[in-house]
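Since the structure comes first, as structure tokens, the remarks are kept for the end.
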Amino acid sequence: QSKFLICSKFFRNAGNKKKSQHKKESSPVQLETVQVESVTDVIFAAQHPMKILIAEDNPVNQTVLKKLLFKLGYSHGNVDVAENGKIALDRVTLSQIPYDLVLMDVFMPEMDGLESTRAIRACENIVQPYIIALTANAMSRDEQLCKDAGMDLYLTKPVLLKPLSIALSKARKQK
């Protein structure tokens, strides 16, 4: 991955005040650099603005997904978490501001992602979100189950930055 250097702070040397005041002095400039993984990581959310719901029961997976989204530029105000499919269903159907995207774990307690997605798709009076299935199962049969439930896309765990950003780009183009 390429690295970009961005100048973030400038420091000016005041120079020696004992020198003649008639003569203009040039102050040397010292640059401090900050390393950024990719410029696209910094501006991704600005190019693909979305309100996102993470439907995931595992706290470690919740944290990983939030960190990936934050790395892409999404803020706490744009990302919410639901601990199971029932809570996800409630958030999607009752939210004042509709979700553009749901990252839906397939296997959760109380109500799994497949059942939650079917219930969301059955609601005709809401703005339908783009739903991306998240599962550790990478079998084509599992992908078909997700599509049959109404999910738009399928990502395998562990979720990585590049496949996630591609999926978010597809979601944004569909909206």
Side-chain angles (χ1 to χ4, degrees), residues 1 37-175:
Q1 222 177 24
E37 289 297 315
S38 166
V39 171
T40 57
D41 291 352
V42 177
I43 60 172
F44 186 89
Q47 293 175 336
H48 302 87
M50 288 186 272
K51 183 173 179 190
I52 300 170
L53 177 65
I54 299 170
E56 170 65 62
D57 61 313
N58 183 306
V60 173
N61 290 339
Q62 290 172 3
T63 300
V64 168
L65 288 166
K66 284 192 286 187
K67 285 185 178 186
L68 290 172
L69 291 169
F70 295 158
K71 185 171 184 174
L72 291 171
Y74 292 97
S75 66
H76 290 281
N78 295 73
V79 179
D80 295 324
V81 176
E83 295 78 19
N84 62 54
K86 171 105 176 64
I87 295 170
L89 174 62
D90 290 344
R91 294 247 173 100
V92 169
T93 57
L94 301 174
S95 179
Q96 297 279 332
I97 301 169
Y99 287 97
D100 299 297
L101 175 80
V102 179
L103 295 170
M104 183 78 76
D105 184 19
V106 174
F107 301 107
M108 293 182 285
E110 197 163 335
M111 179 185 275
D112 68 26
L114 299 172
E115 188 179 347
S116 181
T117 298
R118 285 186 204 102
I120 290 168
R121 295 299 188 225
C123 295
E124 296 176 4
N125 60 339
I126 64 166
V127 175
Q128 288 291 324
Y130 193 90
I131 300 177
I132 299 175
L134 303 176
T135 183
N137 297 337
M139 307 298 279
S140 61
R141 186 177 137 258
D142 297 311
E143 185 173 359
Q144 191 57 50
L145 283 172
C146 294
K147 287 184 178 185
D148 291 345
M151 295 177 171
D152 299 293
L153 202 56
Y154 178 92
L155 287 177
T156 57
K157 294 179 187 177
V159 178
L160 302 173
L161 186 64
K162 184 152 184 137
L164 178 62
S165 64
I166 291 168
L168 295 176
S169 294
K170 287 181 182 179
R172 187 65 188 151
K173 288 176 186 170
Q174 295 292 319
K175 289 308 270 174

Apply side-chain hydrogen bond (donor to acceptor under 3.5 Å, both in side chains) to D142 and Y154, showing your working.
CA-CA 9 Å; D142 297 311; Y154 178 92; 4.7 Å; no
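- Between K157 and D105 there is a salt bridge, since a side-chain N of the basic residue sits under 4.0 Å from a carboxylate O of the acidic one.
- The NZ atom of K71 lies 10.5 Å from the OG atom of S165; values are rounded to the nearest 0.5 Å.
- The minimum heavy-atom distance between V79 and I54, with the atom names listed, is CG1-CD1, 3.7 Å.
- K173 places none of its side-chain heavy atoms less than 4.5 Å from the side chain of Y130.
- Here the side chains of L114 and F107 are not in contact, with every heavy-atom distance at 4.5 Å or above.
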Output, in order, the C-alpha distance, side-chain angles, deciding distance and verdict of side-chain contact (heavy atoms from CB on, under 4.5 Å) for L53 and V81.
CA-CA 6 Å; L53 177 65; V81 176; 5.8 Å; no
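- With salt bridges taken as basic N to acidic carboxylate O contacts below 4.0 Å, none links K86 and D112.
- Within a 6.0 Å radius of CG in L94, other residues, nucleotides and ligands contribute more than 12 heavy atoms.
- Separation of atoms NE2 (H48) and CG (D100) is listed at 12.5 Å; rounding is to 0.5 Å.
- The distance from the CG atom of L89 to the CD atom of E115 is 9.0 Å, given to the nearest 0.5 Å.
- In this structure, L153 and K170 have side chains that are in contact, with non-hydrogen atoms separated by less than 4.5 Å.
- Residues I52 and Y99 are not in side-chain contact: their nearest non-hydrogen atoms beyond the backbone lie 4.5 Å or more apart.
- A distance of 10.5 Å separates CG of L103 from CD1 of I131, quoted to the nearest 0.5 Å.
- Considering every non-hydrogen atom in both N84 and P109, the closest pair reads CB-O, 3.2 Å.
- Listed here is the closest heavy atom pair of R121 and P129: NH1-O, 2.8 Å.
- Put simply, the side chain of I132 does not reach to within 4.5 Å of the side chain of V102, judged on heavy atoms.
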Worked check of side-chain contact (heavy atoms from CB on, under 4.5 Å) between F44 and L168:
CA-CA 10 Å; F44 186 89; L168 295 176; 3.8 Å; yes
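- Taking each heavy atom of M104 and G113 in turn, the nearest pair found is CG-CA, 3.6 Å.
- Between the side chain of N78 and the backbone N or O of K51 there is no donor-acceptor pair closer than 3.5 Å.
- Side chains of Q62 and N58: no donor on one and acceptor on the other come within 3.5 Å.
- Here the side chain of S95 pairs no donor or acceptor atom with the backbone of V92 at under 3.5 angstrom.
- At a threshold of 4.5 Å between non-hydrogen side-chain atoms, the residues L134 and V159 count as touching.
- A donor-acceptor pair is defined here as one N or O able to donate and one able to accept, closer than 3.5 Å; no such pair exists between the side chain of E143 and the backbone of L155.
- Of all non-hydrogen atoms in C146 and V106, the two that sit nearest each other are SG-CG2, 3.7 Å.
- Here the straight-line distance linking atom CG of L160 with atom CG of L164 works out to 9.0 Å at 0.5 Å rounding.
- Contact record, C123 with Q128: O-NE2, 2.8 Å, taken as the closest heavy-atom pair.
- Judged by distance alone, with hydrogens and angles left aside, the side-chain atoms of R118 form no donor-acceptor pair with the main-chain N or O of G150 at under 3.5 Å.
- With a 4.5 Å cut-off on side-chain heavy atoms, Y74 and K66 do not count as touching.
- Interatomic distance, D57 CG to E83 CD, rounded to the nearest 0.5 Å: 9.5 Å.
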